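Worksheet: the structure to be examined is printed underneath.
Lettering of chains follows the sequences in order, A, B, ..., and the numbering in each one begins at 1. What you see is a predicted model; the values in this text were computed from it and never measured.
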Protein chains: 2
Amino acid sequence: MRTEPTVATSPEETAGRVWRGLRALVLERHERRKEVCDALGMSFIRVKALRRLAAGPRTMRDLAADLIIDAPYTTVVVDDLERRGLVAREVHPADRRSKIVKVTPEGERAARRADEILSVPPPVILALPAGDLAALDRIVTGLLGTEGP
Amino acid sequence: MRTEPTVATSPEETAGRVWRGLRALVLERHERRKEVCDALGMSFIRVKALRRLAAGPRTMRDLAADLIIDAPYTTVVVDDLERRGLVAREVHPADRRSKIVKVTPEGERAARRADEILSVPPPVILALPAGDLAALDRIVTGLLGTEGP
DNA sequence: ACAGTTGGTTGTAGTCGTACAACTAATTGA
DNA sequence: TCAATTAGTTGTACGACTACAACCAACTGT
C-alpha cells in the first residue's frame, strides 16, 4: 500500500489537510440532516433526542446535557415527541421529582429509520478498494476509541 | 500495515461503520462552528459566505446558489458583511443588474482566520502514527477527488 | 423541621434562518 | 419595440432554537 504524502510532508500540514477533507466530506458533500428531518417530519434536534433516547432511557436532565440544550427547551422537545407517541415519561422510582424518558416501540422504529438514513455511506466510500476501506475502518475506529466514550 | 477488518467483513457493513465514525468524529466530537462564530462575531452562514467570497468574487446569484439560500436572504447576509467592511459590491461590467461581491483586505483576513480555526485538526488526528496519517491523507484526498470539485 | 438545593415546567423575549410576495431596474428575444 | 425574463432589493410572516425569569414539587443536610 502506498503511504507517500499526497502533497505536503509536515505532519501538521498533512493533518490539517486530512481534517479539512473530512469536514468537506461530511459537512459539505453528504449532509443528511434535511433528509432525516423530512423523512421523520421533525426538526433535527428532535431526531437527535429520539436517537439518544433509543440508545437507552434517560432523565430529562441527562437528555438536556446530552443535547446541550437547557431544561425548558428539553421539556418542549420531549412534549412534542410524547405527543407523537414516540416517547413516554415515567416517574423515577427513587426520586419523584425526576422523570425517566423512554422510547415507545413506535419511537424505536422511528429512531432506527433515522439511523438507517444517517448511516448510508456516500457512494464514494462504498466504491473504495477493499484495502483502503479496511484501512479507513481501522484508522477511524482507532480515532474514536482514543477519545471520549 | 494491518488491513484486517475491525469487526465485520461485508463491505457495506464496513462502509456504514466508517461513515458513522466519520460523522461522529466531525459532527459530534469536533464541531467548530461555535468557535468560529464566536471568534468572528457573526453567524455561521455569514462565515460561510465570507469564506466562499474569499475563494473568489461572485455575483449575488452565484453566492446564493453556493450557500443554498434564497436571494432575499443573500441580500441580508451581504448587507451585513458590507456594513462590517468585509466585502464590497461592484456592478457587473457586462450586466448592470448584477453585482459582483468581493472581499476587502479586512474580509480576506477574517476569512483566513476562520479557515485557520476550522482547519485545526483534532489532537487524535495529529497523534496518528505517520503511516496511518499518510494513508488517511491519500484515501481522503481520493474520496474528494472522485466527487464534485 | 426547615432552609437550601435540585428536577422539571411554564412563559416570555430575542435571534437566526426559511419561504413568500411584491417591487425596481436592466436585459433579452420575438 | 415591447412583452417576458432575470438580478437584486424590500418587507412580511413563520418556525426553530436560545436564554432567562419565575415557579412548584420533591429531596437533602443540618
Taking the side chain as everything from C-beta on, heavy atoms only, tell me whether [X] gets closer than 4.5 Å to [Y].
{"X": "B:Asp115", "Y": "A:Arg20", "result": "no"}
{"X": "A:Arg23", "Y": "B:Glu31", "result": "yes"}
{"X": "B:Arg89", "Y": "B:Glu82", "result": "yes"}
{"X": "B:Glu108", "Y": "B:Thr104", "result": "no"}

A:Ala71 side chain, from C-beta outward: closest of C:dT18, C:dA21, C:dT9: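 For the A:Ala71 side chain, the nearest candidate turns out to be C:dT9.
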ILVMFWY network linking A:Val120 to A:Leu22, side-chain heavy atoms under 4.5 angstrom: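 Looking at the clustering, A:Leu22 is in a separate group from A:Val120.
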Shared-cluster residues of A:Tyr73, by chain and number - hydrophobic side chains joined below 4.5 Å: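 Members besides A:Tyr73, by chain and number: A:Val36, A:Leu40, A:Met42, A:Phe44, A:Ile45, A:Val47, A:Leu50, A:Leu53, A:Met60, A:Leu63, A:Leu67, A:Ile69, A:Val76, A:Val77, A:Val78, A:Leu81, A:Leu86, A:Val87, A:Val101, A:Val103, A:Ile117, A:Leu118.
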Option among A:Val124, A:Leu126, A:Asp132 that satisfies the side chain to side chain contact (heavy atoms under 4.5 Å, CB included) test with A:Leu128: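 Among A:Val124, A:Leu126, A:Asp132, the one that satisfies the side chain to side chain contact (heavy atoms under 4.5 Å, CB included) with A:Leu128 is A:Asp132.
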Euclidean distance, A:His92 NE2 relative to A:Lys99 NZ, rounded to 0.5 Å: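 Rounded to the nearest 0.5 Å, the NZ-NE2 separation comes out at 13.0 Å.
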What is the distance, rounded to the nearest whole Å, between atom [atom1] of [X] and atom [atom2] of [N]?
{"X": "A:Asp62", "N": "C:dG7", "atom1": "CG", "atom2": "C1'", "result": "11 Å"}
{"X": "A:Tyr73", "N": "C:dA13", "atom1": "OH", "atom2": "P", "result": "18 Å"}
{"X": "B:Arg96", "N": "C:dT27", "atom1": "CZ", "atom2": "P", "result": "5 Å"}
{"X": "B:Arg61", "N": "C:dT27", "atom1": "CZ", "atom2": "P", "result": "16 Å"}

Polar pair under 3.5 Å, donor/acceptor by atom type, side chain A:Arg97, base C:dT6: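 Between C:dT6 and A:Arg97, which were checked side chain against base, a qualifying N/O pair under 3.5 Å is present.
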Residue-level proximity of residues 35-54 of chain B to DNA chain D when a heavy atom falls under 4.0 Å: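 The answer is none.
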Backbone N/O of A:Leu133 and side chain of A:Arg138: donor-acceptor pair under 3.5 Å: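 Here the side-chain-to-backbone pair does not exist.
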Earlier contact from the 5' end, DNA chain C, for A:Asp95 and A:Lys34: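 Its nearest nucleotide being more 5', the pick is A:Asp95.
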Sugar-phosphate, base or nothing in reach of B:Thr74, heavy atoms under 4.0 Å: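 If one applies the 4.0 Å heavy-atom cut-off, B:Thr74 turns out to touch nothing in the nucleic acid.
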Sugar-phosphate only, base, or nothing, as touched by B:Asp70 at under 4.0 Å among non-hydrogen atoms: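 The residue B:Asp70 makes base contact.
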Covered region of DNA chain D, 5' end to 3' end, by chain A [heavy atoms, under 4.0 Å]: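 Listing 5' to 3', DNA chain D meets chain A from D:dA16 to D:dC27.
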